[in-house]
Each structure stands twice: as structure tokens, then as C-alpha cells.
Amino acid sequence: MQDILERISDPEGSLAVLDPATGKTIAHVRTYAKGEVAGIIRQADEARGEWAARTAKERANLLRAWFNLITERKEALAQLMTAECGKPIAEARGEIAYGAAFVEWFAEEGKRAYGETIPTFASGKRLLTIKQPVGTCAAITPWNFPMAMITRKVGPALAAGCAIVVKPAEATPLSALALEHLAREAGIPAALFRVVPTNDPADVGRLFCSDPLIRKLSFTGSTAVGKILMEQAAQNVIKLSLELGGNAPFIVFDDADVDQAVEGALASKYRNSGQTCVCANRFLVQAGIHDAFVERLTKRVAELKVAPGVEEDSKIGPLINASGLGKAESLVRSALDAGAVARTGGARSPVGDNFYQPTVLTGVTADMEIAAAEIFGPVAPVIRFETEEEAIRVANGTPYGLAAYFYSRDLARAWRVMEALEFGMVAVNDGILSTEVAPFGGIKQSGLGREGSRHGLDEYLELKYCLIGGIDR
Ligand code: ADP
């Protein structure tokens, strides 16, 4: 890790990167003011013509070289990620593999940006479509997946023939800078993919939306910031992809396999200490299975090891910072005040300042704040329900629509509920659904657009309709 860190950090830089497990400074990185970012956008825009003119295979070869370097440096990158965002090291290794997979996938998928021919409406005319890169793109990314949220944007952008400038989260610029460093080492022209850490995200966000050279902005983060960017993006009518907040229901029906449901619950809820936008946020459990599910879940959750992410057996690392901890803490307190019961956890952990105990709450009702807010902490609120209709009504009763999960062994119910849930992604009898081969994205206030799969490439391509006339002489 040390050799990469030396190359990407700058002791004189004004952005300090902290280890959330200890509060200690890991490194400083240089930041970019608005004027400098404008220059970088110009360079990116100048470089993209030559890049777009290369064949998809040539671009794929360079992306593949980048993928190989990421894979070779997996351990160092994972250590860097755990240091800056706190996630358990086993999960950091998982994210490097997952993030790299987007580069590999889009390297291949770039070769399949097919257009079409359209049966004509008039003899003497022929119709077709071609797909072309949208141009110079910008991306703003969050701290909870410091690497994969970048590759799922940069991979398709470069594969499609675009250039892209990325502003990483202030808490986690190191993984982003390491990716940029490896992309250069792989031979990807430097101007095509630039990372610009800043102390003033709002200012850079405004620049991304107002610079006439930017044709697309891809953002992953909170719904509040997504709305600001959507408004700002209106001025130049740029294309937008938004991956915003979620409030994922995790429904367990009476006919579920309770052991499978508990395994899925652990994977979905406690990954990254509950700090993912697809984390189960509310557990809806049917009356007949409620006590058995709660009992087994509580037992397993109480066994999760809370420890700094660098410890090999850590299962719950620190939350990202004091404000993340404060939010989880206050949501739990207000639920307890309103009558919920902590079956395990329910308080800070003595392991360190930013650590919270993995928690299971029962007696939660749909009107409590904890059932509406994105918790972003290792807390499972359990709501009891009686009927399928009630579960669907409660699950859909949110302005968010990112991921939903449910467990049932009844095939007819599985179809019914899968279709009735108003979410961009639904997992049946599973707790994890993210993969580079499937379209990730939300509906309602969870966002616009899809990342991963062939649909993720289309986000960086414009569809041009061409008509050729006068050919019947
Ligand atoms: P979180 O609460 O998870 O940090 P945010 O939406 O605040 O989520 O942050 C996600 C990304 O958005 C980060 O890179 C952050 O710097 C950036 N960001 C925050 N505020 C703004 C803004 N006003 N304009 C553009 N980007 C912003």
C-alpha cells in the first residue's frame, strides 16, 4: 500500500484523509480549484476525439490492461480502501474484485455498441441508427464504495469513447487517485480520465453543470444533492445519471425458509456496517414467522465481531464519521422512545469513537422515523405485518425505489410480489443483487439511469438516426 500512497498523496495538499477507525490522518492530497478543473475539462475534451476514433477493440485492450493492473494490486488497493473508509478488509477485497469487473465487462461490451437498420417508410429512402459517444463527462462519487462507484462510470465512459473527469468524495480520494494512477500505468491517455479532489464540492458541482464542454453528469450520492444537481443540470440540458438514496424493504413471508432469510438479512443489512444505498433498511416480517426470524437473527447479529476493518475477522467496522454515528444513534433513540425494543445492540460500541453496535429492534411501526429515513448504520428495525397486501403497501410507502428483497417459497406469491414492488431492483430469496452484468438503478426519488450491463453502456452513448434519401434512381 505504501508505494501507491506515496505516488498519489501530497504532503503539502490541503485535503487530509482520516482513518475512521482511529481518527488519525493517513495522508494529504492536493485539491483542485474551480479554474484548474475547467482547464482539466478542456484537456479532456481535446483528447476525446482521437480516443473516440480508435476502434472499440483498441480501447478494450487498454481497459483490459487497466483491469489486470487493478487485479494485480488488489491487496494494496484493499488496504488503502479500508484505511480511508473503514470497511472490513474482506469486504474491501470484495469491492476491488467487484469494481474491477466493471472495467472488464465494459471493455467487452464497448465492442457491441450496435446500431440498427429500420425498414423504410418510403421507397428511395433508407433509415438507420448509429451510436456515438456522448462526449466529455463528469462524475461525482460517494465514500461508501470508493472504488466501484468510479469504475462503473469510468469503465463505460472510456469504453464508449468518452472522456471523464471524476470528483471523488472528500473522505475517500485515495482509492480514486490510485485508480487514476493505474489507468495511466496501463497506457490510457492521461487527459481522458482525471480525478479532481476538492474541498469545495458544491463549487465543482456547479462547474460540471455549467461548463459547456460537459455533456453528461453521473452522480452517486444522497437524494438531496441529486436534486440540486438535477436543477443545475437544466441550464445546459446535460444528460444525467443519478444513483440516489434508498429505503429498501426486506420482507419475510410466513412461507419463507427462515435460515435462508436470516443469512440474506445479515448479508444485506450489515455489509459495510449498513452503509450502502441498497442495504435492507426496514424488515417487514409476517406474524407467523416473526418470532423465529427475530430470535435467529438476533443470535447471529450478536455474534458479529465489531473491530477496526484492518483486523482480518472484523465484520462491523467504524461508521464513516461522527455525523454518521450521530444519525444512527438518534434514529435508534427515537425508535426506543416510541416503544421499540433493542433485542441486541442499541448503543455505541466501546471499540472506538465511530463504532456502533450491530442492532436488532423489534416493535417498530411504519410511522416511526427509523422506518422512513436512510439509517446508514448496522441497525435492523423489524416491523410485524399480517397480510401480503399490507406488506406491499408498507414496502411501497416511500418516495424511494432502489432495491427491495423478499423471502417466500410460494411461486405464485413470488411473481405477484416481484411485480407489485415499486423498486428498480428486486431480489427474491437472496440478500445481495449487485453485479456488473445486471442493470443497477432506482425509480422514484432513487434516481435515473442504470449502471452495469449493456444498459450501462447506453448511458454514455447518443443514438443518432440517419436517413439516406434519393437512392431509387
Ligand atoms: P453523503 O451524505 O453520503 O456524503 P452526499 O450526497 O453528500 O452523500 O455526497 C456524495 C458526493 O456528493 C460526494 O462526492 C460529495 O462531495 C458530493 N457533494 C456534496 N454536496 C454537493 C453539492 N452541493 N454539489 C455537488 N456535489 C456535492
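Here the structure is a predicted model, which means the values were calculated and not measured. Index from 1, following the sequence. Counting convention: from 1, in listed order, for ligands and their atoms alike.
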Does the Lys NZ or Arg CZ of Lys87 fall within the cation-pi geometry relative to Phe145 - under 6.0 Å from the ring centre and within 45° of the axis? yes

SB check Glu462 Arg215 (cutoff 4.0 Å): no

Filtering Gly226, Ser222, Gly245 for the heavy atom nearest atom 5 (P) of ligand 1 leaves Ser222

Per-atom contacts, ligand 1 versus Ala202 - under 4.0 Å to a heavy atom: 22 (C), 23 (N), 24 (N)

Out of Val225, Leu207, Thr223, the nearest non-hydrogen contact to atom 27 (C) of ligand 1 is supplied by Val225

Are Arg30 and Glu36 within salt-bridge range, i.e. N to O under 4.0 Å? yes

From atom 9 (O) of ligand 1, is the closest protein heavy-atom distance below 4.0 Å? no

Which atoms of ligand 1 are found less than 4.0 Å from any heavy atom of Pro201? 16 (O), 18 (N), 24 (N), 25 (C), 26 (N), 27 (C)

Between ligand 1 and Thr220, is the shortest N or O to N or O distance under 3.5 Å? no

For atom 12 (O) of ligand 1, which of the options Trp143, Phe219, Phe208 provides the nearest non-hydrogen atom? Phe219

Identify the closest protein heavy atom to atom 16 (O) of ligand 1: which residue and atom is it, and at what distance? Glu170 OE1, 2.5 Å

Pick one of side chain, backbone, both or neither for how Asn144 approaches ligand 1, counting any non-hydrogen atom pair under 4.0 Å. neither

Ligand 1 to Thr141, heavy atom cutoff 4.0 Å, flagged ligand atoms 11 (C), 13 (C), 14 (O)

So is Lys216 actually on top of Tyr460's ring, under 6.0 Å and inside 45° of the axis? yes

Protein heavy-atom contact under 4.0 Å for atom 24 (N) of ligand 1? yes

Check this for me: does any side-chain nitrogen of one of Arg271 and Glu91 sit under 4.0 Å from a carboxylate oxygen of the other? no

For Asn236, I'd like to know if atom CG has over 12 heavy atoms of other residues, nucleotides or ligands within 6.0 Å. yes

If you count heavy atoms of other groups shown closer than 6.0 angstrom to CZ of Arg42, is the number above 12? no

